[in-house]
Visitor: 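Below is one structure. I have some questions about it.
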Amino acid sequence: MILLLLALQDPLAVRADTVRPVHDALHYELSISVPDTGTRIRGEAEVTWRITSTAPIRLALDSVFTVSRAAWSGERRMLRREWIRRGDLIEIPQRRRVGDTVVTRLEYAGSPRDGLVIHADVHGDRTAFADNWPDRAHRWFPAQDHPSDKATVSFNVEVPRGWRAIAVGALERVDTLPGERTLWHYRMAEPVPVYTMVFGAGVLSVTRLADATCPHCAPSSVWAYPEDSVFAVTGPFRRAPEIVRYFARLVGPFPYAGLAHVESSTLFGGMENASAIFYNEKAYADRTMDEQTVAHETAHQWFGDAVTESDWHHLWLSEGFATYFAALWAGHVGGDTALERVMQGGAASVFTSPVTDRPILDSAADNLMGLLNSNNYPKGAWVLHQLRGLIGDSAFFRGIATYYTRYRNGNALSSDFAAAMEAGSGQDLHWYFMQALTQPGYPVLEVRWSYAEHHLSVAVRQVQKAAWGTYRIPGLELRAGERIYRLDLTGPDASADFDDVPAEPAALEVDPHGHWLLQATVSRVE
């Protein structure tokens, strides 16, 4: 039945995730106490819900944690016998009306085995950093752990003496507690996906970067271990405010009050937590952290954080966008050749990747970590690059701005992006998105040409794997000498004759401006 329903949907709007939110989580109030020694934390999670059905409230929390108290906030009675725990699932029966707002509170304690890492950093100093992506938030706090259920969040983080704490949102205050411990209060006013609800703490050096001067940007800062602070500020983050300004001009206002770039213990090269990006500490220690990573993670603040995919299988709306906008930044500072170099590097990885035999929208994929692949990163970036070449810069960036404005602080599917780009361009683009997102592979072309008496004849055949299907390429560019000629490829074969070729070309170049992800072999026939 599920497969039948999927087949009846627009393929660009299919939600293939098997886990779905039950009720609407509106706000998380998270209080975490990090110990001076050991890894056992104490936590309290107060969640505000909008009831959407008669179903019980369901929260996930790693079974390693002991729940000591469960209550309705503001009510005296405890939920002693009303809540049920089965492994990682906590179920709270409720009898409220649809549309009612209720608050649940859980107090818990334990040593996290994933999601929150308390350990010695690369320099041997004790730190604590959350690392939620993709669905590891519930490994350290109770959550409805799915990207389609965005919520606001507040953090109250108690840390040892001498530590600083950073969390998503704006710092409201720091309280001094007995024993010289400190309590840091952060609040994120905009709804964000649960995978970005993080905090980090340790002995950190903080450098405020020059405040962004554009009206729609935000102040930036760098949080690094003292040993790596100078490298961070003078190296990969020296142009961090400029990156924000550039993307704000292309897309729209920066979505949050500020942006912190944080050295951390994340598993990933960078993790795009809203307003507080975490970067891998090893890249600092060996001095390999680079500006392209900063640009990629900064682009995520717009795409992934402010506009979030409604279903994991549409991850290209996050990773493909960040990859492409980082390439645009490379072109902005290094010229067209730098953009081309980045895009061709991405193409090379697609050409050799085993997942290229699968479509970008792959409803059969069931490993979330496995979605971090070439389809969602460089091939997703190529979906945008091809589209830009197809409809032109003005329509492309107009559509991007429309998409961001429509879905800022919300969720979207590929069908939503396609509709925004159609509105921005005034063109029917459904065919393009179906081709780019639901077909595997890419075009592989055999091109044969001949020349005689100012006459150029070209024949093109698609020879990619049969399972990849046939691609449509309108206005495929061919360069002969100094001139550009165009051919519409609408089926497996196409040919064209050009009678205005002034001189015999030395060679024929296919797609000279690199608008399309393709491979071509070219031969001359007599």
Visitor: Between Asp17 (side chain only) and Trp312 (backbone N and O only), is there a donor and an acceptor less than 3.5 Å apart?
Guide: yes
Visitor: Do Met289 and Asn280 come within less than 4.5 Å of each other through their side chains, counting heavy atoms only?
Guide: no
Visitor: Any chance the side chains of Glu297 and Tyr279 put a donor and an acceptor closer than 3.5 Å?
Guide: no
Visitor: Please give me the minimum heavy-atom distance between Ser265 and Phe129, naming the atom from each residue.
Guide: OG-CB, 3.5 Å
Visitor: Counting C-beta onward and ignoring hydrogens, is there a side-chain heavy-atom pair between Trp302 and Phe247 closer than 4.5 Å?
Guide: yes
Visitor: Describe, in one word, how the ring planes of Tyr256 and Phe254 are oriented to each other, choosing from parallel (under 30°), tilted (30 to 60°) and perpendicular (over 60°).
Guide: perpendicular
Visitor: Find out whether Leu518 and Ile473 are in side-chain contact, i.e. whether some heavy atom of one side chain is under 4.5 Å from a heavy atom of the other.
Guide: yes
Visitor: Please find the pair of heavy atoms, one from Ala322 and one from Ala299, that lie closest to each other, and give the distance.
Guide: CA-CB, 3.9 Å
Visitor: When rounded to the nearest 0.5 angstrom, what is the spacing between CG in Leu517 and CG in Asp511?
Guide: 9.5 Å
Visitor: Mind jotting down which residue pairs meet the ring pair (Phe, Tyr, Trp, His ring centres under 6.0 Å) criterion with at least one end in residues 453-478? Sequence neighbours excluded, please.
Guide: Tyr442-Trp468
Visitor: Check whether any side-chain N or O of Asn373 sits under 3.5 Å from a backbone N or O of Gly370 as a donor-acceptor pair, and report yes or no.
Guide: yes
Visitor: Would you check, one step at a time, whether the test side-chain contact (heavy atoms from CB on, under 4.5 Å) holds for Thr196 with Asn132?
Guide: CA-CA 7 Å; Thr196 75; Asn132 294 353; over 6 Å; no
Visitor: Would you check if the side chain of Ser310 reaches a backbone N or O of Ala412 as a donor-acceptor pair within less than 3.5 Å?
Guide: yes
Visitor: Does a donor on one side chain sit under 3.5 Å from an acceptor on the other, for Glu319 and His296?
Guide: yes
Visitor: Which atom pair, heavy atoms only, marks the closest approach of Ala283 to Phe231?
Guide: O-CE2, 4.4 Å
Visitor: With a 4.5 Å cut-off on side-chain heavy atoms, are Met421 and Phe433 touching?
Guide: yes
Visitor: Does Val355 offer a backbone N or O that forms a donor-acceptor pair with the side chain of Asn375 under 3.5 Å?
Guide: yes
Visitor: Under 3.5 Å, is there a donor on one side chain and an acceptor on the other for Asn411 and Thr308?
Guide: no
Visitor: Mark yes or no for whether Glu263, through its side chain, and Ala224, through its backbone, hold a donor-acceptor pair below 3.5 Å.
Guide: no
Visitor: Stepwise, does the side-chain contact (heavy atoms from CB on, under 4.5 Å) test hold for Leu384 with Trp316?
Guide: CA-CA 10 Å; Leu384 297 175; Trp316 84 277; 4.0 Å; yes
Visitor: What verdict does the side-chain contact (heavy atoms from CB on, under 4.5 Å) test give for Leu387 and Leu429, after you've listed the backbone C-alpha separation in whole Å, the side-chain angles of each residue and the deciding distance to 0.1 Å?
Guide: CA-CA 9 Å; Leu387 180 61; Leu429 297 171; 4.0 Å; yes
Visitor: Let me confirm one number: the CG-CZ distance from Leu368 to Arg136, rounded to the nearest 0.5 Å.
Guide: 11.5 Å
Visitor: More than 12 heavy atoms of other residues, nucleotides or ligands under 6.0 Å from CZ of Arg448: is that the case?
Guide: no
Visitor: Show every salt bridge (Lys or Arg N to Asp or Glu O under 4.0 Å) that has at least one partner inside residues 515-526, sequence neighbours left out.
Guide: Glu504-Arg524, Arg524-Glu526
Visitor: Please output the side-chain donor-acceptor pairs of residues 388-399 that fall under 3.5 Å, not counting sequence neighbours, one pair per line with the distance.
Guide:
residue, atom, partner, partner atom, Å
Arg388, NE, Asp393, OD1, 2.8
Arg388, NH1, Tyr324, OH, 3.1
Arg388, NH2, Asp393, OD2, 3.3
Arg398, NE, Gly424, O, 2.9
Arg398, NH2, Gly424, O, 2.8

Visitor: Please give me the minimum heavy-atom distance between Lys150 and Gly410, naming the atom from each residue.
Guide: NZ-O, 2.9 Å
Visitor: Is it the case that over 12 heavy atoms from other parts of the model lie below 6.0 angstrom from the CZ atom of Arg461?
Guide: no
Visitor: Return yes if some donor-acceptor pair links the side-chain N/O of Arg358 with the main-chain N/O of Ala364 below 3.5 Å, else return no.
Guide: no
Visitor: Report the C-alpha separation of Arg20 and Arg15 in whole Å, then their side-chain angles, then the decisive distance to 0.1 Å, and conclude whether the side-chain contact (heavy atoms from CB on, under 4.5 Å) test is met.
Guide: CA-CA 10 Å; Arg20 301 283 179 86; Arg15 298 173 185 252; 3.3 Å; yes
Visitor: In Å, rounded to the nearest 0.5 Å, how long is the span from OG1 of Thr127 to OH of Tyr225?
Guide: 4.5 Å
Visitor: Can you establish whether the number of heavy atoms outside Asp428 located under 6.0 Å from its atom CG is more than 12?
Guide: yes
Visitor: Could you list the residues that satisfy side chain to side chain donor-acceptor pair (under 3.5 Å) with Gln435, not counting sequence neighbours?
Guide: none
Visitor: Whether the side chain of Asp497 engages the backbone of Asp499 through a donor-acceptor N/O pair (distance < 3.5 Å, no angle test) should be reported.
Guide: no
Visitor: Regarding Glu272 and Trp133, do their side chains bring together a donor and an acceptor under 3.5 Å, going by distance alone?
Guide: no
Visitor: Judged by atom type as modelled, is there a donor-acceptor pair below 3.5 Å linking the side chain of Asp135 to the main-chain atoms of Asp145?
Guide: no
Visitor: Does the side chain of Thr288 pick up a donor-acceptor pair with the side chain of Asp286 at under 3.5 Å?
Guide: yes
Visitor: Taking side chain to side chain donor-acceptor pair (under 3.5 Å) as the test, write out the residues that go with Lys282, two or more places apart.
Guide: none
Visitor: Please check: side-chain N/O of Asn409 versus main-chain N/O of Ala306, any donor-acceptor pairing under 3.5 Å?
Guide: no
Visitor: Would a 4.5 Å heavy-atom cut-off, applied to side chains only, mark Val460 and Trp449 as touching?
Guide: no
Visitor: Any idea which heavy atoms bring Leu12 and Ala418 closest together, and the distance?
Guide: CD1-CB, 4.3 Å
Visitor: Considering all heavy atoms of both residues, which atom of Ala330 and which atom of Ala338 are nearest to each other, and what is their separation?
Guide: O-CB, 3.4 Å
Visitor: Do His314 and Leu361 have side chains that get closer than 4.5 Å, going by heavy atoms?
Guide: yes
Visitor: How long is the gap from CD1 on Ile400 to CG on Leu250, to the nearest 0.5 Å?
Guide: 9.5 Å
Visitor: Do Arg208 and Val206 come close enough that some side-chain heavy atom pair is under 4.5 Å?
Guide: yes
Visitor: Quick one: CG on Asn376 to CZ on Phe321, what's the gap to the nearest 0.5 Å?
Guide: 12.0 Å
Visitor: Quick one: does Gln462's side chain have a donor or acceptor within less than 3.5 Å of a partner on Gly491's backbone?
Guide: yes
Visitor: Could you list the donor-acceptor pairs under 3.5 angstrom formed between side-chain atoms of residues 340-351 and any protein atom two or more places apart in sequence or on another chain?
Guide:
residue, atom, partner, partner atom, Å
Ser349, OG, Gly346, O, 2.6

Visitor: Is any side-chain heavy atom of Ile166 closer than 4.5 Å to a side-chain heavy atom of Tyr186?
Guide: yes
Visitor: Hey, could you give me the CG/CH2 distance between Leu116 and Trp140, rounded to the nearest 0.5 Å?
Guide: 6.0 Å
Visitor: Please walk me through it: do Asp228 and Arg287 pass salt bridge (charged side-chain N to carboxylate O under 4.0 Å, His left out)?
Guide: CA-CA 9 Å; Asp228 302 320; Arg287 302 300 190 251; 2.9 Å; yes
